[in-house]
Amino acid sequence: MPEVLEVELTRRGVARLVGRTVVEIEVTDPLVVQEGVDATLPGSTIAGLDRHGKQLVVLTDGPTVGVHLGMTGRILVDDQSAIGELARDLSERSTSSLRQARVSAAPQAPHPKQRHDHMGRLRLIGGSRSDHHRWDRWVLRLDDGTRVRFHDPRRLGRVVLDPDVGRLGPDVLTLRRCDLAAALSGRRAPLKAVLLDQHALAGLGNMLVDEVLWWCGIDPRRPAGGLTDAEVTLLHLTIRRRLGVMLRRGGSHTGALSPANRGPGARCPRDGDELARTVIGGRTTVWCRTHQR
DNA sequence: GCCCTTGTTACGCC
DNA sequence: AGGCGTAACAAGGG
């Protein structure tokens with residue numbers, strides 16, 4: 001589930017493509033890739049990579065192309081994930097890299113069955129299954145022979161011309177306290193719903209919102225505009241600190257409410273009470289009734 | 001086979 | 001008008 005951290009890691013992971021020229025486009029899924037992208041991009045040289053919230057922006061000497069990873073999108077450069085294989089837990093790291101090496105060497109081999117963790121969740125955003133070319137939605141060939149693949153099993157990712165980042169709220173990784181205060185002010189919707197609203201604040205997804213509110217001990221159901229000044233300050237500080245920590249650790253899954261700590265029956269890492277599951281803003285919300293108030 | 005999950009958008013209501 | 005809630009989308013997996 002790519003959120004702002006995965007997008008930022010992706011941006012850094014593909015930074016070395018700056019200066020390369022797109023030679024051809026080999027694969028396109030018209031649902032995922034906006035009409036016109038393929039016609040205008042070949043011949044263009046990548047000039048820079050920007051990001052606003054979850055929106056990745058590819059600057060070229062031709063068109064500006066927006067890449068949104070959606071729910072299951074990822075970028076692979078020569079069959080290597082742009083963010084590395086960070087979305088797995090540590091216990092499986094060694095076996096997984098072995099397996100990855102093996103399947104890369106034998107791309108025709110039938111893929112092994114998907115693995116799940118004990119909570120029954122999908123283990124990865126495609127995981128190390130870089131051999132699943134059937135989920136490639138967009139494949140570019142660059143002038144040095146590099147192949148860049150946009151891989152997206154569920155097809156909720158999007159590649160568009162001239163992405164409209166002006167409609168997004170302030171970026172959550174560079175958020176100032178006054179930006180946060182302005183985003184929350186006057187809103188009567190639940191705090192969680194506003195934090196998820198990309199027009200209010202750009203970058204937070206379902207897991208990161210739960211994580212941040214868990215750390216600062218605020219009830220996700222409270223009206224967003226009803227926070228005290230001290231709570232806004234605390235929320236701002238928590239967003240900056242926790243996102244910074246998780247970015248260094250490698251992504252959205254490295255928090256206190258990591259995927260393994262979100263399933264039914266999971267307990268609060270702070271006080272041991274069973275975590276509540278509530279639908280807020282249309283999304284499953286995991287939170288602690290004891291210390292989030 | 002029904003239901004869950006995700007981010008975004010479209011739409012209905014007040 | 002605009003804030004808010006809900007459903008739809010897609011598709012894999014329990």
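Everything numeric here is computed off the predicted structure, so don't read it as measured data. In what follows, chains carry the letters A, B, and so on, assigned in the order in which the sequence lines appear, proteins first and then strands, with residues in each chain numbered from 1. The figures here come from the full heavy-atom set of this structure, side chains too, leaving out hydrogens, waters and symmetry mates.
- Within 6.0 Å of the CZ atom in Arg188(A), the count of heavy atoms belonging to other residues, nucleotides or ligands does not exceed 12.
- The side chain of Asn206(A) approaches dG7(B) more closely than any other nucleotide in the set dG7(B), dG12(C), dT8(B).
- With hydrogens and angles ignored, the 3.5 Å screen pairs a side-chain donor or acceptor of Arg51(A) with a backbone N or O of Gly53(A).
- Phosphate contact (OP1/OP2 of dT8(B), side-chain N/O of His68(A), threshold under 4.0 Å): present.
- Checking dG7(B), dG12(C), dT5(B) against every side-chain atom of Leu156(A), the shortest atom distance belongs to dG7(B).
- Legend: salt bridge (Lys or Arg N to Asp or Glu O under 4.0 Å) pairs involving residues 207-218 of chain A, not counting sequence neighbours, sorted by first then second residue: Lys192(A)-Asp210(A), Asp210(A)-Arg262(A).
- Each of dA11(C), dT9(B), dT8(B) was ranked by its minimum atom distance to the side chain of His199(A); first place goes to dT9(B).
- Under 4.0 angstrom from either OP1 or OP2 of dG7(B) there lies no side-chain N or O belonging to Gln198(A).
- In this structure, Asp29(A) atom CG and dA10(C) atom C1' are separated by 11 Å, rounded to whole Å.
- Along DNA chain C, the nucleotide nearest to Pro190(A) and the one nearest to Leu31(A) differ in position, and the one closer to the 5' end is contacted by Pro190(A).
- For the pair Asp152(A) CG and dG12(C) P, the interatomic distance rounds to 11 Å; values are reported in whole Å.
- Considering only side-chain atoms of Ala189(A), the nucleotide from dC4(C), dT8(B), dT9(B) that sits closest is dC4(C).
- Between the CG atom of Asp197(A) and the P atom of dG7(B) there is a distance of 13 Å, given to the nearest Å.
- Regarding contacts with the backbone of dT5(B), a side-chain N or O of Thr284(A) is found under 4.0 angstrom from either OP1 or OP2.
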Start with the C-alpha distance between Arg176(A) and Asp179(A), add both sets of side-chain angles, then the distance that settles salt bridge (Lys or Arg N to Asp or Glu O under 4.0 Å), and finish with yes or no.
CA-CA 5 Å; Arg176(A) 296 172 302 174; Asp179(A) 295 326; 3.0 Å; yes
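- Heavy atoms of Gly282(A) sit nowhere under 4.0 angstrom from any nucleic acid atom.
- Between Arg154(A) atom CZ and dG7(B) atom P there is a gap of 12 Å when expressed in whole angstrom units.
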Test Asp144(A) against Arg20(A) for salt bridge (Lys or Arg N to Asp or Glu O under 4.0 Å), laying out the working first.
CA-CA 7 Å; Asp144(A) 61 352; Arg20(A) 298 272 64 81; 3.7 Å; yes
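- Taking every heavy atom of residues 157-188 of chain A and every atom of DNA chain B, no pair lies under 4.0 Å.
- The shortest distance between the side-chain N/O atoms of Trp135(A) and the OP1/OP2 oxygens of dA11(C) is not below 4.0 Å.
- Proximity of Thr285(A) to Val279(A): side-chain heavy atoms (C-beta onward) are nowhere separated by under 4.5 Å.
- Remark: P of dC4(C) and CZ of Arg222(A) are 16 Å apart, rounded to the nearest angstrom.
- Atom CZ of Arg221(A) and atom P of dC4(C) are 18 Å apart (whole Å).
- Residues that satisfy the side chain to side chain donor-acceptor pair (under 3.5 Å) test with Thr284(A), not counting sequence neighbours, are absent from this structure.
- The CG atom of Leu195(A) sits 16 Å away from the C1' atom of dG3(C) (whole-angstrom rounding).
- With hydrogens and angles left out, the side chain of Arg283(A) and the base of dT5(B) share no donor-acceptor pair within 3.5 Å.
- More than 12 heavy-atom neighbours from other residues, nucleotides or ligands sit within 6.0 angstrom of CZ on Arg147(A).
- Computed from coordinates, the Arg155(A) CZ to dG7(B) P distance equals 19 Å when rounded to whole Å.
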